[in-house]
Amino acid sequence: MLRYVLKRLVSLVISLAVASLVIFLAIEVVPGDPAAYMLGLNAQPDTLAALRDQLGLNGTIPARYLSWIGGMLTGDFGTSYTYRTPVADMIGERMWISLPLALYALSLSTLIAFPAGVWAASRRGSAVDMGVMGVTQLGVAIPNFWFAMLMVLVFAINLRWFSAGGFAGWEQGFLAGMKSLTLPAIALALPQASILTRVMRSSLLDTLSEDFIRTARAKGLTRRQVLWRHALRNAMIPVLTIIGMQFSFLLAGAIIIENVFFLPGLGRLVFQAISARDLIVVESVLMLLVFAVIVVNFAVDVAYAAVDPRLRGRR
Amino acid sequence: MSLLRIEGLSLAIHDFAILHDVSLTVEPGQIVGVIGESGSGKSMTSLAVMQLLPDGAQATGRILLEGQDVLSLSEAELCRLRGRAMGMVFQEPMTALNPIQTIGDQVAETIRIHEKVSKSVARARARAALARVEMPEDRFPLSRYPHELSGGQRQRVVIAMAIALRPRLLIADEPTTALDVTTQAQILKLLKRLVQEDGMGLLMISHDLAVVADMADHLVIMRHGKVVEAGPSPALFHRLQHPYSKALLAASTHQPERAAQPQEIPLLEVRGVVRDYATAREGLWGKPGTFRAVDDVSFQIRRGESLGLVGESGCGKSTLTRAILGLEEVQAGEILLDGQPVFTGHKPNRAVRRRMQVVFQDPYGSFNPRHRVDRLVTEPFHLLDDPPRGAAREDAIAEALESVGLTPEDRYKYIHEFSGGQRQRIAIARALIIKPDLIILDEAVSALDVSIRAQILDLLADLGDRLGLTYLFISHDLSVVQQVTDRVLVMQSGKIVEQGETAAIFDAPRHAYTKQLLSATPRLPDMTAA
């Protein structure tokens with residue numbers, strides 16, 4: 001097991017190195033002069049020179065790469081050109097919204113998908129199964145921003161249970177913070193829960209048709225016992241894969257929902273930074289998101305091994 | 001009172017009739033063998049006793065287990081019977097165990113769901129059950145996972161689960177079909193011993209007459225969901241009445257007639273071939289090791305000869321096949337067809353490659369289901385520099401299909417429209433279409449029912465005579481190899497340990513491994529003695 005984890009760690013470090021190189025090349029090297037790009041067509045030569053100097057564009061490419069990486073490792077992400085504040089602070093602030101929102105949405109979708117998937121699979125072909133399949137079909141099909149606006153209309157404008165947007169701030173208390181994240185989390189969780197339910201159901205049905213399920217039944221286990229003791233854990237591998245992918249998506253892909261609810265999250269930060277041609281912010285946030293995705297994948301790999309003994313022994 | 005009495009059992013799945021009026025009995029301590037080809041209903045009969053039938057199954061008649069009709073029991077009552085009063089062993093040991101639970105937990109589970117005992121007591125009894133199936137503690141601790149065991153060992157674990165509570169009835173559905181002959185012999189011996197020790201009744205399902213003839217006290221022969229003949233073994237073999245039973249026995253020992261004599265010129269020469277595979281690295285930056293799958297193998301096949309290659313799974317048969325076909329490069333030695341090397345430099349030699357073809361075991365997996373037969377059988381044309389087009393191509397397809405007993409019109413069909421035996425004919429047509437000299441038959445008849453197998457063997461013998469073909473016949477089934485080959489090679493752990501005339505080797509094996517293989521092979525009772 002330790003060997004497996006170490007091996008995954010090595011591949012994690014390699015992936016990060018490769019990803020950072022790709023991001024660096026794509027943003028700082030390939031487009032030509034980033035300073036000229038950021039300032040636009042009518043830039044004055046002296047402003048351009050000053051920005052070049054500030055961005056450290058005068059060094060060689062390898063030296064610039066190393067100083068960028070070195071800075072990030074010590075928590076220095078550079079200074080935003082448009083906001084004139086350290087990028088690390090901006091990311092830190094946004095992170096406190098995006099991360100809880102992603103975790104909230106993921107918990108919701110998992111809490112819905114597990115029981116619904118198991119329920120549908122255990123009653124294959126029944127009205128329950130067809131109902132779950134129908135609802136999840138709808139959940140996959142409905143655009144989540146439209147669903148979000150519908151919820152704002154119903155719960156914020158008509159019923160006045162929630163505010164229509166914005167973030168209360170964690171200093172108002174945990175519950176107040178969670179309350180302002182509730183509608184966005186539901187909007188994000190709806191398609192995710194639908195997909196996860198369907199994956200859970202089909203994976204469980206596949207497992208239930210395996211030979212070892214028949215062997216377990218021949219031992220005298222009831223259908224229920226077989227499902228809980230033998231099928232569920234075996235069905236987890238594809239489900240874990242989807243959960244990992246969904247978490248990565250939720251962290252970065254919430255741009256539209258963040259816009260609908262006026263949440264100052266990471267997605268909006270990237271969006272604004274791209275519009276403002278603030279390459280320093282774009283570069284840092286991208287790297288951070290890649291880091292998150294790779295770490296989540298590592299966690300999923302470790303979870304695989306926890307579920308499946310066949311992976312633990314593998315070199 | 002009989003232990004198990006099946007009376008007039010009929011079964012339909014979604015109104016499709018599977019079994020018609022099946023009756024049989026099993027007494028305590030008795031082994032009853034049920035024989036039949038695929039579709040005979042033998043497995044459904046055993047699943048009906050366990051009441052583990054697929055959804056939509058409707059059974060009528062009576063299945064009395066110690067006087068109690070299992071068809072009248074509720075699901076809860078059946079769960080109490082399964083595993084305690086009757087146990088079952090299945091065909092596929094590789095997939096019959098939960099891959100993520102230890103063998104100890106899986107055997108102990110049988111005990112814990114039926115008896116209120118503590119975890120430690122259940123584990124101690126699981127330990128004892130595994131010891132009974134010859135899986136001793138010191139070599140197979142309870143903490144082992146299924147993937148750490150071989151097929152034979154996994155089958156022992158499944159048997160331990162089935163007998164942990166000493167049920168009165170054990171059902172074994174093709175328990176050794178997926179295993180090598182020596183492992184098969186050990187598992188059969190184990191089952192026999194358990195029956196004697198516990199006085200349990202054993203209902204054993206098999207397609208293999210010889211396996212059942214060796215084991216059973218009583219035989220039941222099934223066809224199309226009906227019992228055609230039943231009686232005590234081995235006496236039944238000598239007074240078979242029903243034409244189907246007779247045909248089945250004849251097909252099992254069928255010897256195709258071959259007229260052509262091999263010439264003295266070698267067609268294929270294999271000289272000192274070595275094939276190494278890289279194994280996993282030792283540590284992250286360690287050197288990869290090597291595994292020698294084929295170790296210094298040399299032999300010849302004469303033109304027109306049929307050469308057998310036998311050995312257990314993992315002995316290197318398939319690796320050797322791939323090397324001969326030029327699919328993989330060898331690390332040492334050379335392979336020549338008519339004096340021409342199969343590999344030139346690092347590339348397969350197309351001029352040689354087009355002169356040999358292969359037929360694989362699985363008639364279901366070796367065709368692309370989305371292509372029509374005409375496209376499937378012309379696949380080898382890519383080996384030709386100038387493949388026939390237009391009318392010539394149509395003629396070639398028709399000729400190949402006709403030579404294997406199909407009609408030219410079959411070219412417009414898809415592969416799912418054919419039975420297993422017909423598919424194997426198409427596989428042979430595909431091999432024949434570029435008129436090769438050598439055909440490698442890699443377990444080509446192993447997945448077929450005996451009557452179909454006999455037809456395919458006849459076809460191969462006939463084609464061999466007419467077209468002057470040379471065969472390399474690879475099989476784990478020694479009785480088939482004995483029937484159709486002139487000479488035989490015995491392979492063990494990558495080496496040829498014995499080779500010679502087939503008759504001589506089967507009469508007087510010299511190498512210890514050959515003797516072991518032959519003694520493990522189940523045989524039909526000697527018909528001439530009666």
Side-chain angles (χ1 to χ4, degrees), chain A residues 1-14 121-126 129 203 205-237 239-240 303-315, chain B residues 46-47 50-52 54-56 75-76 78-102 105-114 143-148 154 157-158 161-162 164-165 167 171 173 279-286 288:
Chain A
M1 181 75 184
L2 190 68
R3 185 181 208 115
Y4 173 84
V5 172
L6 278 176
K7 225 183 147 173
R8 300 317 316 164
L9 262 177
V10 170
S11 104
L12 175 140
V13 171
I14 295 172
S122 64
R123 287 174 178 69
R124 184 183 196 171
S126 69
D129 186 19
S203 170
L205 285 177
D206 282 349
T207 314
L208 282 170
S209 64
E210 298 256 7
D211 283 351
F212 65 82
I213 295 296
R214 192 180 54 183
T215 314
R217 293 272 289 142
K219 289 199 277 190
L221 271 75
T222 61
R223 278 177 198 275
R224 240 187 121 73
Q225 284 171 322
V226 162
L227 184 98
W228 290 106
R229 294 189 195 186
H230 291 278
L232 202 56
R233 222 177 108 190
N234 273 292
M236 284 313 292
I237 296 267
V239 177
L240 282 173
Y304 284 158
V307 170
D308 193 338
R310 284 169 294 188
L311 291 173
R312 280 174 232 159
R314 192 180 291 174
R315 288 181 177 175
Chain B
S46 65
L47 289 173
M50 292 295 283
Q51 282 295 295
L52 287 175
D55 288 337
E75 177 60 26
L78 286 167
C79 282
R80 282 196 288 277
L81 278 186
R82 290 187 203 118
R84 190 217 286 277
M86 50 187 181
M88 186 155 180
V89 178
F90 299 94
Q91 174 170 358
E92 267 305 326
M94 302 311 277
T95 50
L97 292 167
N98 185 340
I100 61 174
Q101 271 187 11
T102 64
D105 285 344
Q106 295 191 56
V107 178
E109 190 178 40
T110 309
I111 298 155
R112 295 199 71 199
I113 54 170
H114 289 288
S143 57
R144 283 288 180 92
Y145 284 98
H147 69 273
E148 299 169 312
R154 291 186 207 194
V157 175
V158 176
M161 286 172 15
L165 292 171
I171 300 173
D173 186 357
T279 54
R281 288 166 193 277
E282 292 291 324
L284 288 174
W285 285 276

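Chain A is the first sequence line, chain B the second, and so forth, proteins listed ahead of strands; every chain is numbered from 1. These values consider heavy atoms only, across backbone and side chains, with no hydrogens, waters or symmetry-generated copies.
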Kindly compute the distance separating [atom1] ([X]) from [atom2] ([Y]), expressed to the nearest 0.5 Å.
X      : Y      : atom1 : atom2 : value
A:H230 : B:Q106 : NE2   : CD    : 6.5 Å
A:R217 : B:L52  : CZ    : CG    : 6.0 Å
A:R214 : B:L47  : CZ    : CG    : 6.5 Å

Chain A contacts, top residue of [options] (heavy-atom pairs, under 4.5 Å):
options                     : answer
B:A76, B:A162, B:G83        : B:G83
B:L78, B:D55, B:N98         : B:N98
B:E75, B:Q91, B:E109, B:M88 : B:E109

Ranked by heavy-atom pairs below 4.5 Å to chain B, first place among A:L221, A:D308, A:T207 goes to A:L221
Could you check B:Q101, B:E148, B:H147 and say which one makes a side-chain contact (heavy atoms from CB on, under 4.5 Å) with A:P309? B:H147
Looking only at heavy atoms, what is the nearest atom pair of B:I113 and A:R229, with distance?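 Reported closest heavy-atom pair: CG2-NH1, 3.3 Å.
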Need one label for B:M86: side chain, backbone, both or neither, based on atoms under 4.5 Å from any heavy atom in chain A. backbone
Taking side chain as everything from C-beta outward and backbone as N, CA, C, O, which of these in B:L97 sits under 4.5 Å from a heavy atom of chain A? Side chain, backbone, both or neither. backbone
Indicate yes or no for a side-chain donor-acceptor contact from A:T215 to the backbone of B:A96 under 3.5 Å, with no hydrogens or angles considered. yes
When you measure from the side chain of B:H114 to the backbone N and O of A:K219, does any donor-acceptor pair fall under 3.5 Å?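 Side chain of B:H114 to backbone of A:K219, a donor-acceptor pair under 3.5 Å: yes, one is there.
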